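Below is one structure, written out as structure tokens, with a few remarks after it.
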Number of protein chains: 2
Amino acid sequence: MYSQAEENYLKTIYALEKDFGNEVSTNLIAGKIKTKASSVTDMLKKLANKELVIYKRYQGVYLTELGRLSALKVIRKHRLWECFLVQKLQFNWDEVHDIAEQLEHVKSELLINKLDAFLRFPKLDPHGDPIPDAQGRVLLSKTLSIKDMKIGTAGIFVGVKDSSSVFLQYLNKKNLALGDKIRVIDIEPFDDSYHIETKTHRLVITSNVAENLCLKNVK
Amino acid sequence: MYSQAEENYLKTIYALEKDFGNEVSTNLIAGKIKTKASSVTDMLKKLANKELVIYKRYQGVYLTELGRLSALKVIRKHRLWECFLVQKLQFNWDEVHDIAEQLEHVKSELLINKLDAFLRFPKLDPHGDPIPDAQGRVLLSKTLSIKDMKIGTAGIFVGVKDSSSVFLQYLNKKNLALGDKIRVIDIEPFDDSYHIETKTHRLVITSNVAENLCLKNVK
DNA sequence: CAAAAAATTTAGACTTACCTAAAATAATAT
DNA sequence: ATATTATTTTAGGTAAGTCTAAATTTTTTG
């Protein structure tokens, strides 16, 4: 099977393809993985040799079908472990990412399928992300980031793009939780800040935050 | 913290000290870890630099107090994960060792203490081995291997020394399970084989097997 | 469209944890 | 007590994954 480093690259490339379209650049990967561009280049060559990605010098990469499925296996493991940590071990949603980053590399198909059953086949992880099934199928729910919404529209807060503990702790502090109905009251053109309101309060968020909140439309 | 390789050495040295007395030889470690003696020498120097072991060239090693506590932390994690796998995920006792070998290296004190609580603070793992507590305290239950028993005596089968799947599957096949009362009927001096009986059946085991079965005396 | 800037790759080096082969030391046997 | 054997260590090398610095290619810009 693949090394931890390889798995981390696959997972990252998968996520970046989703966010930035199908050709992912060396620097983008380096930024996400917190490594240097030269290290990324080395790894991309290795992944290309194993037919996990298509890589052409100076052109960026994208996953092959094999690469995509391999990435989804890692993502499946990561999200199932997050469910376990929150549902069974009573962790908060802002504490589980780093631990799941380790657990996702444990090798055993049987283990992950038994874990899936133990958790009663959850469909979403604690951050609202869909969990791929054993065959690598994922629901792609069409959610909007607040950045894409017009003034006056509302939606249900169903997921975050960034699941780092800093960001989630910020949301905790601001009393924003999955399931909340959020309405965009105003967008300030000067600094691109968003005025939003929930059932209980109003607040101002930066566009950076707005981008990381995923809402599902309500009519 | 320590690398996976370092943790594996600590765990192995701890186990070997128990079995073979306090000075553990390079070759013994190499045998257990399935590596070469020269690699062991390299690692022992590294562990000695970190004050985890006392090592003198050609003299073998033993753990320092720091080394012993570090080893016990790894062992604690290994055994708690084994409990989880058997009790919660319905694994058989012969399937969990290799998976626990991976899980034991996941770094998070909080995780392991929450897991401990989730499992209701088990005292023994599925192979009858005691689980160290968060402070590194272990029950050392005085059990006998069948090899140390006299003809005619009996005991309760409470643990195994070898938790490899091959050995545990052998026990399954021979219908020997933890909790069984086992009596030594006869010892054949020619080949050092043991004739034993349980409530339900009699069988002959080699001294190799006898050595790996731990019994608790009944009066 | 050429020059400057940005992105990417190459070259060479480092660390960890292994390995083989040879040398050194310890244990055993005659 | 010395010679043989077994064990352990040293020396030198490999692969994975990272790094820095320099070179190359692409993109941007005046």
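In what follows, every chain begins at residue 1, and chains take the letters A, B, ... in the order their sequences are listed. Being a predicted model, the structure only gives us computed values, none of them experimental.
Across the protein-nucleic acid pair, B/L44 atom CG and D/dT7 atom P stand 16 Å apart, rounded to whole Å. In this entry the distance linking CD of A/Q4 with P of D/dA15 reads 21 Å, nearest Å. Straight-line distance from the NZ atom of B/K50 to the P atom of C/dT16: 7 Å, rounded to whole Å. Distance A/L28 CG to C/dT8 P: 8 Å, rounded to the nearest Å. Atom CG in B/D42 sits about 12 Å away from atom C1' in D/dG13, given to the nearest Å. Rounded to whole Å, atom C1' of C/dT16 lies 17 Å from atom OH of B/Y2. Rounding to whole angstrom units, CG of residue B/N8 and C1' of C/dT16 are separated by 14 Å. Rounded to an integer number of Å, the gap from CD of B/E6 to P of C/dC18 is 10 Å.
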Could you tabulate the donor-acceptor pairs under 3.5 Å formed by side-chain atoms of residues 71-78 of chain A, not counting sequence neighbours?
from: A/R76; atom 1: NH1; to: A/D116; atom 2: OD2; distance (Å): 3.3
from: A/R76; atom 1: NH1; to: A/P132; atom 2: O; distance (Å): 3.0
from: A/R76; atom 1: NH2; to: A/N113; atom 2: OD1; distance (Å): 2.7
from: A/R76; atom 1: NH2; to: A/D116; atom 2: OD2; distance (Å): 3.2
from: A/K77; atom 1: NZ; to: A/E104; atom 2: O; distance (Å): 3.2
from: A/K77; atom 1: NZ; to: A/V106; atom 2: O; distance (Å): 3.2
from: A/H78; atom 1: ND1; to: A/E104; atom 2: OE1; distance (Å): 2.7
from: A/H78; atom 1: NE2; to: A/E82; atom 2: OE2; distance (Å): 2.8

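The side chain of A/Y9 contributes no N or O atom lying less than 4.0 Å from OP1 or OP2 of D/dA16. OP1 and OP2 of C/dA6 both lie 4.0 Å or more from every side-chain N or O belonging to A/N27. OP1 or OP2 of C/dA7 has not a single side-chain nitrogen or oxygen of A/S25 nearer than 4.0 Å. A close approach under 4.0 Å does not occur between any side-chain nitrogen or oxygen of B/T41 and OP1 or OP2 of D/dT8. The phosphate of C/dT10 (OP1 or OP2) has a side-chain N or O of A/K45 nearer than 4.0 angstrom. Distances shorter than 4.0 Å separate none of the side-chain N or O atoms of B/K36 from OP1 or OP2 on C/dC18.
In this structure, the nucleotide among C/dT9, D/dT18, C/dA26 sitting nearest to the side chain of B/Q59 is C/dA26. Between D/dT7, D/dT9, C/dT9, one nucleotide has an atom nearer to the side chain of B/R57 than all others, and that is D/dT9.
Formation of a donor-acceptor pair under 3.5 Å by the B/K32 side chain with backbone atoms of B/A30 is not found in this model.
Taking the centre and axis of the six-membered ring of B/F91, the NZ or CZ atom of A/K114 falls inside the cone set by 45° and 6.0 Å.
The base of D/dT24 sits within donor-acceptor range of the side chain of A/Y58, with an N or O pair under 3.5 Å. One donor-acceptor pair, N or O on each side, does fall under 3.5 Å between the base of D/dT20 and the side chain of A/S38.
At a threshold of 4.0 angstrom between heavy atoms, the contacts of B/A5 are confined to the sugar-phosphate backbone, with no base atom among them. Within the 4.0 angstrom heavy-atom criterion, only backbone atoms of the sugar-phosphate kind lie near A/T26; the bases stay farther away.
B/F84 and B/W81 have perpendicular rings, their planes meeting at more than 60° on a 0 to 90° scale where under 30° would count as parallel.
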I would like to know whether B/D191 and B/S193 meet side-chain hydrogen bond (donor to acceptor under 3.5 Å, both in side chains); could you show each step before the answer? CA-CA 5 Å; B/D191 61 357; B/S193 66; 2.9 Å; yes
